[in-house]
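Structure first, then comments.
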Amino acid sequence: MAQVRLLNISKMYSGGNVAVKDASLNVESREFLVIVGPSGCGKSTLLRMIAGLEELSSGEIWIGDKRVNSIPPKDRDIAMVFQNYALYPHMTVFENMAFGLRLRGYTRREIEQRVRDAASILGIESYLQRKPKELSGGERQRVAVGRAIVRKPMVFLFDEPLSNLDAKLRVQMRTEIRKLHLKLQTTMIYVTHDQTEAMTMGDRIVVMNKALIQQVADPLTIYEHPANLFVASFIGAPPMNFLKGTINRMGETVLFKNESVRLRVVEEMASRLIHCEHQPVILGIRPEDLYDKLFIMDAPPDTVLTATVEVVEPMGAEVYLHLKIGSHALVARVGPHNRPEVNQDIDVVFDMGKVHFFDATTQAAIV
């Protein structure tokens, strides 16, 4: 297995369009790394540069102990699984999986063994004599993964492999791919726009936006300590709520205030925020950290605001409450039995120990 190192790599197209800017990253041997971001952020371009399908404008890529900038894709010892499966329609599943091995001159016996081993791992032994048109989307994706497995590469690259599948099958396949990583113990780099896939699959997550890497960390750190406003808004479903305001001191108390909100900042955060006094900041709070006061009877009064319920969304195990506080729209994620009426006013408790603060100008996290 191999480490992958990206050293200040960039990709600029003619006309000055920058797809990736000055990206540096170390992918550890046997790590499952997920690159996530919105469409057009540069994540697939980054993956294709690792594969050798896109030339670098600057920087270096190392796979293991080799600098691979000038090495063609076929010699990089990587295997790539694409979004559209890229199977040959006139070949059987066996022939699709064996094709790359035949090109590399493997013996018939070794090809047979590798294909059957991969088919066994993926549970597709009974499909080997079928053509791709006879398979479902999930079965075709397994074949595409199997074609990569038979190569036994140093690094696997996945470019949004589940985006063509329905929601139920995506959940099943992301579990299968995670199990596959645990079984093969190889280095995997996985690109997706789906933050749920990123959170559930990755040992670490790379969040990208507008050609730049925004944050690299394990899923829990990304969720609990986002580096900036973009990461905070992109990771989480429903997304984090945001309120603009200022920090103000009243005696020993530090408050976050705007025209319709007044909340006391907890002591451990206050000392790190006081340098922002009277400056614009953004408070962020996740939907699960907003509570109905009916269920939190001892909430301090300076953490409670009155909100109007605009929409109630029952989700089975939980309920999403769409709320209005002054001009601010927020979403609370509450328990299944907490279902107030639309247009009802409720008292909402802010868990001030779990709020985030961001600089309104730079959008970087303050606390």
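Of the charged side-chain nitrogens involved, none lies within less than 4.0 Å of a carboxylate oxygen, so that Glu125 and Arg116 do not count as a salt-bridged pair. Electrostatic pairing of Lys66 and Asp75 does not count as a salt bridge here, judged by no charged N lying under 4.0 Å from a carboxylate O. A salt bridge links Arg142 to Glu176: one of the charged nitrogens lies within less than 4.0 Å of a carboxylate oxygen. Residues Asp302 and Arg264 are paired through a salt bridge, judged by an N-O separation under 4.0 Å between the basic side chain and the carboxylate.
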- [ ] Could you walk me through whether Ser24 and Asp22 pass side-chain hydrogen bond (donor to acceptor under 3.5 Å, both in side chains), step by step?
- [x] CA-CA 7 Å; Ser24 293; Asp22 199 29; 5.1 Å; no

Open item on the list: Apply side chain to side chain contact (heavy atoms under 4.5 Å, CB included) to residues Val36 and Phe234 and explain how you reach the verdict.
Closed with: CA-CA 9 Å; Val36 66; Phe234 189 77; 3.6 Å; yes

Task: Full working for side chain to side chain contact (heavy atoms under 4.5 Å, CB included) between Lys354 and Arg286 - done: CA-CA 8 Å; Lys354 295 183 179 178; Arg286 295 208 178 272; over 6 Å; no

Task: Chi angles and distances behind the side chain to side chain contact (heavy atoms under 4.5 Å, CB included) call for Ile222, Asp218 - done: CA-CA 6 Å; Ile222 292 277; Asp218 64 89; over 6 Å; no

- [ ] Output, in order, the C-alpha distance, side-chain angles, deciding distance and verdict of side chain to side chain contact (heavy atoms under 4.5 Å, CB included) for Leu273 and Phe357.
- [x] CA-CA 8 Å; Leu273 280 169; Phe357 288 96; 3.5 Å; yes

Open item on the list: For a side-chain hydrogen bond (donor to acceptor under 3.5 Å, both in side chains) check, start with the C-alpha distance between Thr306 and Asp345, then their side-chain angles and the critical distance, and finish with the verdict.
Closed with: CA-CA 7 Å; Thr306 300; Asp345 285 345; over 6 Å; no

TODO: Quick one: do Glu54 and Tyr13 satisfy side-chain hydrogen bond (donor to acceptor under 3.5 Å, both in side chains)? Show the steps, please.
DONE: CA-CA 11 Å; Glu54 292 276 2; Tyr13 293 103; 3.2 Å; yes

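The cationic group of Arg67 does not satisfy the cation-pi geometry with Trp62, failing either the under 6.0 Å distance to the six-membered ring centre or the 45° limit from the ring axis. Figure legend: Arg178 and Phe32 shown as a cation-pi pair, the cationic atom lying under 6.0 angstrom from the six-membered ring centre and within 45 degrees of its axis.
Remark: Glu252 CD is loosely packed, at most 12 non-hydrogen atoms of other residues, nucleotides or ligands lying under 6.0 Å away. More than 12 heavy atoms of other residues, nucleotides or ligands lie within 6.0 Å of NZ in Lys324, so this atom counts as buried by the packing criterion. Remark: Lys293 NZ is packed, more than 12 non-hydrogen atoms of other residues, nucleotides or ligands lying under 6.0 Å away. Counting non-hydrogen atoms of other residues, nucleotides and ligands closer than 6.0 Å to CD of Glu259 gives a total above 12. In this structure, Phe295 places its CZ atom where more than 12 heavy-atom neighbours from other residues, nucleotides or ligands lie under 6.0 Å away.
Side-chain atoms of Arg339 never come within 3.5 Å of backbone atoms of Leu321 as a donor-acceptor pair (strictly under, hydrogens ignored). Although no hydrogens or angles enter the test, the distance criterion places no donor-acceptor pair under 3.5 Å between the side chain of Asp359 and the main chain of Ala364. Looking only at distances, a side-chain donor or acceptor of Arg140 sits under 3.5 Å from a matching main-chain atom of Leu135. In this structure, the side chain of Thr175 engages the main chain of Val171 through a donor-acceptor pair within 3.5 Å. Checked by atom type and distance alone, the side chain of Ser57 pairs as donor or acceptor with a backbone atom of Met12 at under 3.5 Å. In this structure, the side chain of Lys11 engages the main chain of Glu55 through a donor-acceptor pair within 3.5 Å. Side chain of Gln141 to backbone of Gly138: no donor-acceptor contact under 3.5 angstrom is found. Remark: side-chain polar atoms of Thr187 are paired, donor with acceptor, to backbone N or O of Arg30 under 3.5 angstrom. Side-chain atoms of Asn241 come within 3.5 Å of backbone atoms of Val331 as a donor-acceptor pair (strictly under, hydrogens ignored). No donor-acceptor pair closer than 3.5 Å links the side chain of Glu224 to the backbone N or O of Thr221.
Counting heavy atoms from C-beta on, the side chains of Val207 and Gln195 never come closer than 4.5 Å. No side-chain heavy atom of Val81 sits under 4.5 Å from any side-chain heavy atom of Asp159. Looking at heavy atoms from C-beta onward, Arg249 lies out of side-chain contact with Leu255 at the 4.5 angstrom threshold. Side-chain contact between Met91 and Phe99: present, with at least one pair of heavy atoms (C-beta onward) separated by less than 4.5 Å. Taking the side chain as every heavy atom from C-beta outward, Ile213 and Lys21 never approach each other to under 4.5 Å. Side-chain contact between His278 and Asn248: present, with at least one pair of heavy atoms (C-beta onward) separated by less than 4.5 Å.
Remark: of the listed residues Ile9, Leu7, Ile189, Leu6, Leu6 is the sole one forming a side-chain contact (heavy atoms from CB on, under 4.5 Å) with Leu25.
Between the side chains of Asn228 and Gln214, at least one donor-acceptor pair of N or O atoms lies under 3.5 Å. Side chain to side chain, His181 and Asp203 fail the donor-acceptor criterion of an N or O pair below 3.5 Å. Checked by atom type, the side-chain pair Tyr320/Glu318 shows a donor-acceptor distance below 3.5 Å. Side-chain polar atoms of Thr92 and Gln129 form no donor-acceptor pair below 3.5 angstrom. One side chain, Tyr190 or Glu197, offers a donor N or O that lies under 3.5 Å from an acceptor on the other.
Taking the six-membered ring for Trp and thresholds of 30 and 60 degrees, Phe358 and His356 have nearly parallel ring planes, at less than 30 degrees apart.
Atom CD of Glu139 and atom OG of Ser126 lie 8.0 Å apart (nearest 0.5 Å).
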